[in-house]
Amino acid sequence: MTTTAVYGVHFGDEGKGKIVDFLARDYDIVARWNGGDNAGHTVETRHSKIALHLVPSGILYKGKTNVIGNGVVINLASLKREIEWLISNGIAVSKDSLMISDMAHLILPYYSAIEEKKELTRKIGTTKKGIGVAYALKHDRSGIRLADIEDSDTFEERVKIHAGEYGLDIDAKSILSEQLSLLEWIRQHATIADTVKFFRENRTANILLEGAQGFFLDVDAGTYPFVTSSHASPAGAYSGCLGIKKIDNIIGVMKACYITRVGSGPFVTELGNIVDDKKESVELNEDDDDSVGKYIRVEGREYGTTTGRPRRTGWQDIVATKHSVDAANIGSSFSLALTKIDVLNGLKKIKACTEYRTGNKVMGHFPSSSRELVKCRPVYREFPWAPTDGVTEFEKLPPQTRDYLDFLETETGARIGIVSTGPRRDELIVR
Ligand code: GDP
Ligand code: IMO
Ligand code: MG
């Protein structure tokens, strides 16, 4: 009986989907604790590439229960599309394999319009899925949960509150009838239940908890206000999957040698300017930041799984990584899973930021203020690099790679347990 939480160490898209899919075979339950369909978790098998948004990344295995926890916000239309896609691609989704907390809050169709209006002044670069609106209404106590849909008076009353507050002309009855029909459809493919009771009844099960987004997008821990509206740090699993017991292990997933970010917000090690350059290849000049940034984007296929936006790219940031590892370590054991070690195969050297410089000051800690963070410039340490093509054992990684991994372990104090060497399921080294 063990409970393990997998979280993103940086700004999301670290490869959590791949790692959760790999680990899921040893667990009975895979549960998501935060976020909504802003997430895009990719799982690649030999035959297919699957993008999951709301459904946990354990769905590819038979005999597992995948739980969408109470901390997730759900757009029922989007969930229906995802389930339909999975079924049409031969992945079984059933009342046994998918369970949804009846305490999870809904994202109603007009939330994205509210968000778009807010974006005009806030410019956070959200996914425009209405995630922030759903969490804001939840905390403002006028949100609507799955358990509330069938209570038509409550539903209509709350929609009217929203209409009044946001000056919207909305027909509560037609929204209710649409949500009811979506609910009816979803009920045929998933169990909507009291997941607190489910976790209580499954005390002896092995539970794998899947976080969405990453530590620096966490509403408390992240680069506020350039964050999402949920708790991406593993501490959020306790409230987002109510009923789970002690988390034994934490696994932080991070790209081995670089970081990406989508949307606005400070990014100390960012390389070059973001451009929508869907190029097949890029001419590499290792001494030119712009060229290296583009190279990483193209070689790493760094385009959003959910929105298709090009991801901003930058070198590994040890100051940020240490901060994330330290603050997220709430389990008895903590380890790292490194992904995309193959992406920089064409480079002869890589860099990692070990300190921040602002004016005359050099600092080794991650500042709480985004205003301060924007002023920070990276101080780099350089490492020679060599290709990792075809390596399947940790001990057989090139000495250059081993030196860099030793450095990462020493700096973070965390053991590297998994190294992913390609997008596919089988491209993975377990130490
Ligand atoms: P998540 O949101 O953390 O689950 O990550 P995403 O799925 O949004 O983005 C990670 C991308 O990297 C996906 O396209 C994965 O298929 C891919 N990926 C994962 N691990 C590796 C790896 O080791 N090497 C390469 N080249 N791609 C990887
Ligand atoms: P996964 O789970 C990367 C970013 C958005 C934006 C900010 C707020 O695939 O790692 P939101 O729509 O959540 O209000 O947007 O958060 N963002 C993500 N970036 N990966 C994600 O999820 C993200 N989910 C949200 O780009 O900057
Ligand atoms: Mg993603």
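Counting starts at 1 for both ligands and their atoms, following the listed order. In what follows, residues are counted from 1 in the order of the sequence shown. Note that the structure is a prediction, hence the values are computed from the model and not measured.
Residue His41 touches ligand 1 through backbone and side chain together, judged by heavy-atom distances below 4.0 Å. Looking at Lys255 against ligand 1, nothing comes within 4.0 Å, counting heavy atoms. Contacts between Val253 and ligand 1 below 4.0 angstrom, taking non-hydrogen atoms only, are absent altogether.
Heavy-atom proximity to Glu14, at under 4.0 Å, picks out these atoms of ligand 1: 3 (O), 5 (O). Which parts of ligand 1 touch Thr421 is read off a 4.0 Å heavy-atom cut-off, strictly below it: atoms 23 (O). For ligand 1, the atoms closer than 4.0 angstrom to any heavy atom of Gly422 are 20 (N), 21 (C), 22 (C), 23 (O), 24 (N), 25 (C). Close approach of ligand 1 to Gly17 is summarised as follows: ligand atoms under 4.0 Å from at least one heavy atom of the residue are 4 (O). Every atom of ligand 1 with a heavy atom of Pro423 under 4.0 Å away is listed here by number and element: 16 (O), 18 (N), 21 (C), 22 (C), 24 (N), 25 (C), 26 (N), 27 (N), 28 (C). Every atom of ligand 1 with a heavy atom of Ser420 under 4.0 Å away is listed here by number and element: 20 (N), 21 (C), 22 (C), 23 (O). Using a 4.0 Å cut-off to heavy atoms of Arg311, the atoms of ligand 1 that qualify are 8 (O), 9 (O).
The six-membered or imidazole ring of Trp33 lies away from that of Tyr238, with a centre-to-centre distance of 6.0 Å or more. When ring centroids are compared, Tyr356 and His365 stay outside the 6.0 Å threshold.
Checking only distances, Thr339 never comes within under 3.5 Å of ligand 1, N or O to N or O. Between Gly12 and ligand 1, a contact under 3.5 Å exists for no N or O pair. Considering backbone and side-chain atoms together, Gly15 places an N or O closer than 3.5 Å to an N or O of ligand 1. Considering backbone and side-chain N/O of Thr42, one or more are found under 3.5 Å from N/O of ligand 1. Of the N or O atoms in Lys16, one or more lie within a sub-3.5 Å distance of an N or O in ligand 1.
Using a 3.5 Å distance cut-off with no hydrogens or angles, the side chains of Arg309 and Thr307 do pair a donor with an acceptor. Side-chain contact check for Asn34 and Ser230: at least one donor-acceptor pair (N or O, by modelled atom type) lies under 3.5 Å. Side-chain contact annotation: Glu210 with His41, donor-acceptor N/O pair under 3.5 Å present. There is a side-chain donor-acceptor pair under 3.5 Å between Lys255 and Thr260. Under the 3.5 Å distance criterion, with hydrogens and angles disregarded, a donor-acceptor pair is assigned to the side chains of Asn345 and Asp389.
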When you look at Thr127 and Asn38, which way does the side-chain hydrogen bond (donor to acceptor under 3.5 Å, both in side chains) test go after all the steps? CA-CA 6 Å; Thr127 58; Asn38 50 349; 5.0 Å; no

Can you check side-chain contact (heavy atoms from CB on, under 4.5 Å) on Tyr135 and Val219, steps first, answer last? CA-CA 11 Å; Tyr135 282 111; Val219 67; over 6 Å; no

Stepwise, does the side-chain hydrogen bond (donor to acceptor under 3.5 Å, both in side chains) test hold for Lys340 with Ser420? CA-CA 6 Å; Lys340 300 201 142 184; Ser420 172; over 6 Å; no

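For the pair Arg301 and ligand 1, no heavy-atom separation below 4.0 Å is found.
With Phe215 as reference, His323 is the one residue of His10, His231, His323 to meet the ring-ring contact (aromatic ring centres under 6.0 Å, His included) rule. When each of Tyr7, Phe267, Phe226, Phe366 is paired with Phe216, the ring-ring contact (aromatic ring centres under 6.0 Å, His included) condition holds for Phe366 and for no other. With respect to Ile50, the side-chain contact (heavy atoms from CB on, under 4.5 Å) criterion is satisfied by exactly one of Val55, Ile59, Leu60, Thr42: Leu60.
When heavy-atom distances to ligand 2 are checked against 4.0 Å, the residues falling inside are Phe11, Gly12, Asp13, Lys16, Asn38, Ala39, Gly40, His41, Ile124, Gly125, Thr126, Thr127, Ala212, Gln213, Leu217, Val227, Thr228, Val262, Gly263, Arg309, ordered by chain and number.
A salt bridge between Glu411 and Lys322 is present, with a side-chain N of the basic residue lying under 4.0 Å from a carboxylate O of the acidic one. Note on Arg431 versus Glu395: no salt bridge recorded, every NZ/NE/NH1/NH2 to OD/OE distance being 4.0 Å or above. Contact check on Asp21 versus Lys18 returns no salt bridge, with no Lys/Arg side-chain nitrogen under 4.0 Å from an Asp/Glu carboxylate oxygen.
Restricting Asp13 to its N/O/S atoms, the shortest distance to the Mg ion (ligand 3) is reached by OD1.
For atom 19 (C) of ligand 1, the closest non-hydrogen atom of the protein is Lys18 CD, 4.0 Å. Closest to atom 8 (O) of ligand 1 among all protein heavy atoms lies Gly40 O, 2.8 Å. Atom 10 (C) of ligand 1 has as its closest protein heavy atom Asp13 O, 3.8 Å. What sits closest to atom 16 (O) of ligand 1 on the protein, heavy atoms only, is Glu44 OE2, 3.2 Å. The protein heavy-atom contact nearest to atom 26 (N) of ligand 1 is Asp342 OD2, 2.7 Å. At the shortest separation from atom 11 (C) of ligand 1 among protein heavy atoms lies Lys340 NZ, 3.6 Å.
Between Trp315 and Tyr380, the ring planes lie perpendicular to each other; the angle is over 60°, past the 30° to 60° tilted range.
At a threshold of 2.8 Å, the Mg ion (ligand 3) has no backbone or side-chain N, O or S atom of Ala39 nearer than that distance.
The shortest side-chain heavy-atom distance between Glu283 and Tyr295 does not fall under the 4.5 Å cut-off.
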